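Read through the structure below, which is laid out as structure tokens, and then see the notes.
Predicted, not measured: the structure shown is a model, and the values here were computed from it.
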Number of protein chains: 2
Amino acid sequence: MEQRAAHRSGAVDKRRQILDAAVTVFARQGFHATRVSDIADEAGVAYGLVYHYFNSKDQVLNELFLERWSLLLAAIEEAERTPGSHREKLGAVAGFIFESYRHDPELMKVIIVEVTRAANSFGRTHLEEIRRAYEGIAKIVADGQAAGEFRSDVAPRFASQAFYGAVEQLLTEWIFDDVQVADSRFEEARNLLVTTICDGLEPR
Amino acid sequence: MEQRAAHRSGAVDKRRQILDAAVTVFARQGFHATRVSDIADEAGVAYGLVYHYFNSKDQVLNELFLERWSLLLAAIEEAERTPGSHREKLGAVAGFIFESYRHDPELMKVIIVEVTRAANSFGRTHLEEIRRAYEGIAKIVADGQAAGEFRSDVAPRFASQAFYGAVEQLLTEWIFDDVQVADSRFEEARNLLVTTICDGLEPR
DNA sequence: GCACCCTGATTGACGAGTCAATCAGGGTCA
DNA sequence: TGACCCTGATTGACTCGTCAATCAGGGTGC
């Protein structure tokens, strides 16, 4: 029983090992510049094993993206449902994204650089999932307008884009800098975002 | 005389022709997916001629980027100098960027997707030039704070990132959509940006 | 006849994906 | 208990297509 479990989980571990190694090398060299052998080397695993668990190099990235993006979508829905002001809801969304970066900067770098901002490759492939996030944010804005918390002369979809774009740009700067970001910065960034954008969305 | 002009300008034209063709194919297929022969075909020119005018495929993209980015930097400086409120200055910057997209969507797509947002390849190469733009915008914000037009509890550099990020995200949506954007949208987008961000930056 | 523009076949490197072979553990039956 | 088989994990050399970059030569105007 334990043997079987060890056997099974041994297999699962290798798969996970490959995914984790892929994050590291994708983050370091970028998707295009990494050879499948780089992933295998980083994972301490034979070249062919990558193809035992995945159909292609693309699929490795897809899996990494979907794994984390589904968490973001869940967090947005959670924020929608949680009672509180709509400003707080947007703050929760921004907070989750910054927190994701704090938790695993390499993974967030890969997702943003290789998927979210890659309009010619994976961004197109995952357009639907990506847009689901924008729509979730837009819904919070629309609800906030209905509740009179936000001005109504700004299209929710536009506001959503501006909000998300600002978040991602701040992350991108950290990504470019490639230095450890001090913890205080995360809180600061979240507050800045909420302050600036939400105050800008307040009724006049 | 006319012959010589034709000769000389013939050469210059070919160079230009190659650059223009590159914009089209880069926009259609992305930098990585376009072969140098694609550029030559689109330009109606022999493969080798591309290497007569450029050292590498990379250099073609670099040239396209620098050509346009220098215009943006000039526009930002121009906005700084032009008298008026700081809100108007930021509006001018956003207006210039949206106008650039209206004027040549393919070129802007290439620049944003392949350079500005490509943290692993050309974005890194041109980091300095890109940041010069952020700094220009930050300077406008800082001046606005000094003049009492903007609140002072938001770091100019942060505000600049949020502002630019919002602009680029709106552009990115248009890029993804890949449809002709109605003229009214440009004006709308510029107004939204200025309204939301600048109102958010107003003193409380 | 020289200086430059232009051509496109050729080369050489590179990397994704394949595949045939080995290995390890666990179940089965006498 | 031990002989046997089966499954699927693991390996890495190899194939095969692709593409950037080179190069040798053919025009053309001055």
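One interatomic measurement links the two molecules: CG of Leu49(A) to C1' of dG17(C), which rounds to 14 Å at whole-angstrom precision. Rounding to whole angstrom units, CZ of residue Arg35(B) and P of dG17(D) are separated by 15 Å. Atom CG in Asp41(B) sits about 13 Å away from atom C1' in dC19(D), given to the nearest Å.
No contact: Ser37(A) has no heavy atom under 4.0 Å from any strand.
Using a 4.0 Å cut-off, some side-chain N or O of Tyr53(A) falls inside it from OP1 or OP2 of dT10(D). Look at Tyr47(A) and you won't find any side-chain N or O under 4.0 angstrom from OP1 or OP2 of dG12(D). Phosphate contact (OP1/OP2 of dC6(C), side-chain N/O of Lys14(B), threshold under 4.0 Å): present.
Between Glu188(B) and Arg185(B) there is a salt bridge, since a side-chain N of the basic residue sits under 4.0 Å from a carboxylate O of the acidic one. Between Arg16(B) and Glu67(B), at least one side-chain N (NZ, or NE/NH1/NH2) sits under 4.0 Å from a carboxylate O, which counts as a salt bridge.
Between Gly48(A) and His52(A), the residue anchored nearer the 5' end of DNA chain D, judged by the nucleotide with its closest heavy atom, is His52(A).
Residues Arg117(B) and Thr172(B) have side chains that bring a donor and an acceptor to within less than 3.5 angstrom of each other.
His86(A) and Phe150(A) have perpendicular rings, their planes meeting at more than 60° on a 0 to 90° scale where under 30° would count as parallel.
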